[in-house]
Amino acid sequence: LAKLGFEMIVVTFGKRDFQKHPEINLQKAKDFAERHPGIIFGAAGSGLGYDRIAVSIHRNYSDYSKFLQEMRSEWAEIMDIKDSFIVSLTSKEVIQPLSLKHFANHLKNEEES
């Protein structure tokens, strides 16, 4: 991703307000993801006090900041979007760059065994 000009990968956590919104409009969520192609994964889940997660990539902090503002604005009534974990893709401390190649090789070796 860094070679493609992306400086950051971000994991954003949200918590839905089930009392106000017992049902969520999945089409609205899919439309939001479609309008924000930097979202590479989004789902409901459970952990750390949250029940929503989005993984996104960004060219720079300004791009991320705009994305976060849009997310908070569009989803303000439905969920609380508080915490993010930001990773610099250009850091020397990236141990394993985001890639499925290593995992694919593992699966291939399992099939051959």
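Because the structure is a prediction, the values reported are computed rather than measured.
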Is Phe103 isolated, or which residues cluster with it under the ILVMFWY side-chain rule of less than 4.5 Å, directly or via members?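 Direct or chained contacts put Phe103 with Leu107.
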Within a 6.0 Å radius of atom [atom1] on [X], are there more than 12 heavy atoms belonging to other residues, nucleotides or ligands?
| X | atom1 | result |
| --- | --- | --- |
| Glu110 | CD | yes |
| Lys28 | NZ | yes |
| Leu4 | CG | yes |

ask   = Does the pair Arg52 and Phe13 meet the rule for a side-chain contact (heavy atoms from CB on, under 4.5 Å), with working shown?
value = CA-CA 6 Å; Arg52 298 291 182 269; Phe13 300 97; over 6 Å; no
With sequence neighbours left out, which residue pairs that include part of residues 35-48 fulfil the salt bridge (Lys or Arg N to Asp or Glu O under 4.0 Å) condition?
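Output for this query lists Arg35-Glu74.
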**OP:** Scan residues 2-18 for pairs that pass salt bridge (Lys or Arg N to Asp or Glu O under 4.0 Å), counting only residues two or more places apart or in two chains.
**Re:**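 Residue pairs with at least one partner in residues 2-18: there are none.
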- Task: Mind listing the closest non-hydrogen atom pair of Ala54 and Met71 along with its distance?
- Result: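 Where Ala54 meets Met71 most closely, the heavy atoms are CB-CE, 4.2 Å.
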Please tabulate, for side-chain N and O atoms in residues 90-99, each donor-acceptor pair with protein atoms closer than 3.5 Å (sequence neighbours left out).
residue	atom	partner	partner atom	Å
Thr90	OG1	Ser88	OG	3.1
Ser91	OG	Glu93	N	2.9
Ser99	OG	Lys101	N	3.0

*asked:* Applying side chain to side chain donor-acceptor pair (under 3.5 Å), can you list everything that pairs with Asn60, at least two apart in sequence or on another chain?
replied: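 Scan of Asn60 (side chain to side chain donor-acceptor pair (under 3.5 Å), adjacent residues dropped) gives none.
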What pairs with Gln27 under side chain to side chain donor-acceptor pair (under 3.5 Å), at least two apart in sequence or on another chain?
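Testing Gln27 for side chain to side chain donor-acceptor pair (under 3.5 Å), a comparison that skips the adjacent residues, returns Asp31.
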- Message: Just by distance, no angles: are the side chains of Tyr64 and Ser56 close enough, under 3.5 Å, to form a donor-acceptor pair?
- Response: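 Judged by distance alone, the side chains do not pair up.
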- Non-neighbouring partners of Phe67 that pass ring-ring contact (aromatic ring centres under 6.0 Å, His included), sequence neighbours left out: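 Checked Phe67 against ring-ring contact (aromatic ring centres under 6.0 Å, His included); matches are His36, His58.
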Q: Step by step, work out the side-chain contact (heavy atoms from CB on, under 4.5 Å) result for Ile81 and Leu68.
A: CA-CA 9 Å; Ile81 299 167; Leu68 188 59; 4.1 Å; yes
* With Lys82, which residues qualify under salt bridge (Lys or Arg N to Asp or Glu O under 4.0 Å), at least two apart? ->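 Lys82 satisfies salt bridge (Lys or Arg N to Asp or Glu O under 4.0 Å) with Asp80 once adjacent residues are dropped.
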Rounded at 0.5 Å granularity, tell me how far CZ in Phe6 sits from CD1 in Ile57.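 Between atom CZ of Phe6 and atom CD1 of Ile57 there are 4.0 Å.
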- Atom pair CZ (Phe32) and CD (Glu70), whose distance is rounded to the nearest 0.5 Å: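 Between Phe32 CZ and Glu70 CD, I get 6.5 Å after rounding to 0.5 Å.
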Not counting sequence neighbours, which residues clear side-chain contact (heavy atoms from CB on, under 4.5 Å) with Glu112? List them please.
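In terms of side-chain contact (heavy atoms from CB on, under 4.5 Å), with neighbours along the sequence ignored, Glu112 is linked to Lys108, Asn109.
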Just distance, no hydrogens or angles: give the donor-acceptor pairs under 3.5 Å from side chains in residues 38-49, sequence neighbours left out.
none

- Task: List the steps, then state whether side-chain contact (heavy atoms from CB on, under 4.5 Å) holds for Val10 with Phe85.
- Result: CA-CA 6 Å; Val10 180; Phe85 190 89; over 6 Å; no
